[in-house]
2 protein chains.
Amino acid sequence: MHIAVDNARAVLSFRYTGPMNAPKTARERARAELTAEILAAARRQLRESGTAQLSLRSVARELGMASSAVYRYFASRDDLLTALIVQAYTEIGEAAEGADDPGAAPEERWLAVWRAARAWSLGNRHEYALIFGTPVPGYVAPHITVEVAGIMPLTLARIAAAAKRDGNLTPPAGPVCPPEAITPEMLVLLEDEAFTPDETARLILAWNRLVGIIGYELHGHLANVTADDALFFDHTARTEGAQLGLAFR
Amino acid sequence: MHIAVDNARAVLSFRYTGPMNAPKTARERARAELTAEILAAARRQLRESGTAQLSLRSVARELGMASSAVYRYFASRDDLLTALIVQAYTEIGEAAEGADDPGAAPEERWLAVWRAARAWSLGNRHEYALIFGTPVPGYVAPHITVEVAGIMPLTLARIAAAAKRDGNLTPPAGPVCPPEAITPEMLVLLEDEAFTPDETARLILAWNRLVGIIGYELHGHLANVTADDALFFDHTARTEGAQLGLAFR
DNA sequence: CAAACTCGAGAGCAGTGCTCTCTGTTGAGA
DNA sequence: TCTCAACAGAGAGCACTGCTCTCGAGTTTG
């Protein structure tokens with residue numbers, strides 16, 4: 001637990017604004033470096049062979065060290081997985097954030113963020129599976145992962161908030177989500193913005209769609225269904241944006 | 001491969017209409033029985049501990065036989081997994097089919113099928129993960145699984161077809177899926193019914209939503225988001241049905 | 001400088017999938 | 001009816017996994 005959170009913070013170092021204890025002694029520096037090296041090797045093996053093939057022993061072999069030594073840095077395989085999960089959540093979140101130009105029109109921002117999420121997922125399918133696939137049995141996500149998991153959906157929410165602020169968020173008629181289906185805390189997703197239960201529901205559904213449609217493409221459920229995956233994806237992005245109340249076209 | 005298909009057919013025996021070679025000799029009967037017993041034990045362990053914990057050896061232990069003996073019935077762990085996958089696809093498909101009353105109104109049928117799929121998934125979360133979660137690395141789904149995977153979505157398509165036949169399928173305005181994004185073969189999902197590319201896309205999206213929203217509920221992504229999961233699910237079902245063109249309310 | 005802490009290595013345990021060989025049994029053709 | 005091939009089970013064994021423990025060597029700190 002102790003090591004896990006430390007490692008997660010190391011991964012998040014560029015985001016983490018809390019008390020940063022910079023490595024001072026040579027040993028501390030070496031430790032930080034080796035931790036990063038182990039994580040990098042694990043990531044490499046994840047990219048090549050997927051989650052199930054990822055083993056602490058093979059990581060240790062790749063780095064030329066005894067498997068038992070790796071346990072000095074990651075207390076368990078789950079710990080290593082947690083670090084990779086945090087890394088993946090952060091990357092897709094920052095890909096989304098990075099593609100979002102707050103000065104652009106909401107519809108353009110929406111499409112750009114969706115495309116960025118898809119692009120990252122296509123280039124990192126094992127990492128996508130790690131965060132949006134079946135949870136690893138017995139693995140309980142530490143709280144730190146919950147935080148970074150929100151970066152991507154919050155980017156979507158921010159766009160909706162901007163549109164709403166300008167009076168450009170007008171959801172189409174249709175079944176309205178009953179207010180009591182949404183928890184009150186969720187109505188304030190962003191600090192200064194408030195959404196109605198219906199808007200919140202539509203946001204959740206949009207996020208769910210983004211994750212789901214990428215998953216379908218990645219897992220082959222769309223094989224023999226779509227002729228042009230990118231085109232179908234763009235259509236889905238617009239449909240979902242329109243469903244939320246953005247004004248496409 | 002040989003054993004795998006045989007086992008899959010055994011699972012599908014109640015559906016399979018091809019050449020049925022009924023077991024004649026005592027040995028053949030014993031083989032069929034033991035195969036079923038192994039599968040049942042595997043299913044039990046899957047329900048209790050999930051995919052990763054499922055091992056041929058523990059199944060063998062539970063049945064009091066040597067692990068090597070199990071290999072006479074399932075050529076590999078993947079083979080056993082395939083049988084479980086076929087079983088799960090079939091079950092959720094038949095749950096959907098069973099909940100569908102062709103005599104009822106399309107909107108009622110739609111909601112009933114969605115609820116049935118959710119109910120099955122909530123009661124069989126590990127099985128759900130097996131078929132809609134991350135594909136097992138290295139595991140390539142044999143063709144037999146593709147067939148049974150279609151039962152559930154085809155049930156949805158059948159409802160849409162019925163509504164269309166009666167002139168009650170009127171999709172709302174919104175971004176229309178460009179025809180070239182959908183493969184031509186998909187335009188005829190059912191034997192005698194033809195859908196437009198846009199209708200096909202909406203069907204695919206509805207199926208994707210059904211799977212996706214159940215996954216979110218199962219994997220805890222909706223925790224702290226929805227206050228009433230069943231209510232939110234019903235809302236989603238209606239929204240997606242309306243998006244397809246069904247007339248709710 | 002000595003004590004406390006840290007780190008790497010190696011052995012070892014219990015588990016896994018899977019293969020191979022060895023028996024006994026069953027079933028079908030001569 | 002007898003024979004022989006196919007089949008079924010058991011056990012040993014291989015290579016792998018996650019993880020623990022101990023035992024020295026090196027580093028940091030009081």
Side-chain angles (χ1 to χ4, degrees), chain A residues 1-4 6-7 21-38 41-42 45-46 48-84 136-140, chain B residues 1-4 6-7 21-38 41-42 45-46 48-84 136-140:
Chain A
M1 184 57 66
H2 178 244
I3 292 183
D6 280 359
N7 284 334
N21 33 359
K24 299 164 96 172
T25 71
R27 185 183 269 172
E28 274 173 341
R29 245 184 303 118
R31 181 178 181 85
E33 261 176 45
L34 233 178
T35 305
E37 258 182 76
I38 292 171
Q45 296 200 1
L46 174 69
E48 280 169 19
S49 333
T51 321
Q53 303 303 319
L54 174 63
S55 79
L56 268 173
R57 287 181 112 110
S58 69
V59 168
R61 254 191 314 268
E62 183 176 327
L63 296 180
M65 61 198 295
S67 68
S68 57
V70 178
Y71 282 85
R72 299 277 184 204
Y73 299 87
F74 292 89
S76 70
R77 188 178 182 269
D78 275 11
D79 250 41
L80 187 56
L81 239 36
T82 298
L84 288 170
V136 181
Y139 173 84
V140 182
Chain B
M1 186 55 69
H2 179 246
I3 293 185
D6 280 359
N7 285 334
N21 33 0
K24 299 162 97 174
T25 71
R27 185 181 265 173
E28 273 172 340
R29 247 184 302 118
R31 183 180 179 83
E33 263 176 45
L34 233 177
T35 305
E37 259 182 77
I38 292 172
Q45 296 202 359
L46 174 69
E48 279 169 20
S49 335
T51 320
Q53 302 304 318
L54 174 63
S55 80
L56 269 174
R57 285 181 113 110
S58 69
V59 168
R61 252 191 316 268
E62 182 174 329
L63 296 179
M65 60 198 295
S67 68
S68 55
V70 178
Y71 282 85
R72 300 276 182 205
Y73 299 86
F74 292 89
S76 68
R77 188 179 183 268
D78 276 10
D79 249 41
L80 188 56
L81 238 37
T82 298
L84 288 170
V136 181
Y139 172 84
V140 183

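Note that these values count all heavy atoms, side chains included, but never hydrogens, waters or copies made by symmetry.
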**Prompt:** Is there side-chain contact between A:Leu84 and A:Thr51, with heavy atoms separated by less than 4.5 Å?
**Reply:** no
**Item:** Interface limits on DNA chain C, where chain B has a heavy atom under 4.0 Å of a nucleotide atom
**Value:** C:dT16 to C:dA28
**Residue-phosphate contact under 4.0 Å: B:Tyr71 side-chain N/O, D:dG9 OP1/OP2** = no
**Asked** Starting at CZ of B:Arg31 and ending at P of D:dC7, how long is that distance when rounded to a whole Å?
**Response** 8 Å
**Complete:** Rounded to whole Å, the CZ-P distance (A:Arg72 to D:dG24) equals 15 Å
**Identified side-chain contact (heavy atoms from CB on, under 4.5 Å) partner of B:Phe74 from the options B:Leu80, B:Thr82, B:Val59** = B:Leu80
**Message:** If I take atom CD from residue B:Glu48 and atom CD from residue B:Gln53, how far apart are they, to the nearest 0.5 angstrom?
**Reply:** 11.5 Å
**Message:** From CD of B:Glu33 over to C1' of D:dA8, roughly how many Å is that when rounded to an integer?
**Reply:** 15 Å
**Asked** When you measure from the side chain of A:Thr25, which nucleotide among D:dG9, D:dC19, D:dT28 comes out closest?
**Response** D:dT28
**Asked** Checking all strands, does A:Ala26 fall into the base, sugar-phosphate, or nothing category for heavy-atom contacts under 4.0 angstrom?
**Response** sugar-phosphate
**Request:** List in chain and number order the residues that pass side chain to side chain donor-acceptor pair (under 3.5 Å) with A:Ser58, two or more places apart in sequence or in another chain; answer none if no residue qualifies.
**Result:** A:Gln45, A:Ser55
**Request:** Would you classify A:Leu80 as touching base, sugar-phosphate or nothing, given that sugar-phosphate means primed atoms plus P, OP1 and OP2, and contacts are heavy atoms under 4.0 Å?
**Result:** nothing
**Item:** Atom pair CZ/CD1 of B:Arg72 and B:Ile38 - distance to nearest 0.5 Å
**Value:** 12.0 Å
**Prompt:** OP1 or OP2 of D:dT17 sitting under 4.0 Å from any side-chain N/O of A:Arg61?
**Reply:** yes
**Prompt:** Excluding sequence neighbours, so at least two apart, what forms side chain to side chain donor-acceptor pair (under 3.5 Å) with A:Glu33?
**Reply:** none
**Prompt:** B:Ser67: what forms a side chain to side chain donor-acceptor pair (under 3.5 Å) with it, not counting sequence neighbours?
**Reply:** none
**Item:** Contacts of B:Glu37 that satisfy side chain to side chain donor-acceptor pair (under 3.5 Å) - sequence neighbours left out
**Value:** none
**Complete:** Within residues 62-70 of chain A, the residues having a heavy atom closer than 4.0 Å to DNA chain C are A:Met65, A:Ala66, A:Ser68, A:Ala69
**Prompt:** Between A:Leu56 (CG) and D:dG18 (P), how many Å, whole number?
**Reply:** 5 Å
**Complete:** Taken to the nearest whole Å, CZ/A:Arg27 to C1'/D:dT28 is 6 Å
**Message:** Are B:Met65 and B:Leu34 packed together at the side-chain level, in the sense that at least one heavy-atom pair is separated by less than 4.5 angstrom?
**Reply:** yes
**Fill in**
Judged by nearest nucleotide, the residue sitting upstream toward the 5' end of DNA chain C, A:Arg57 or B:Ser76, is A:Arg57
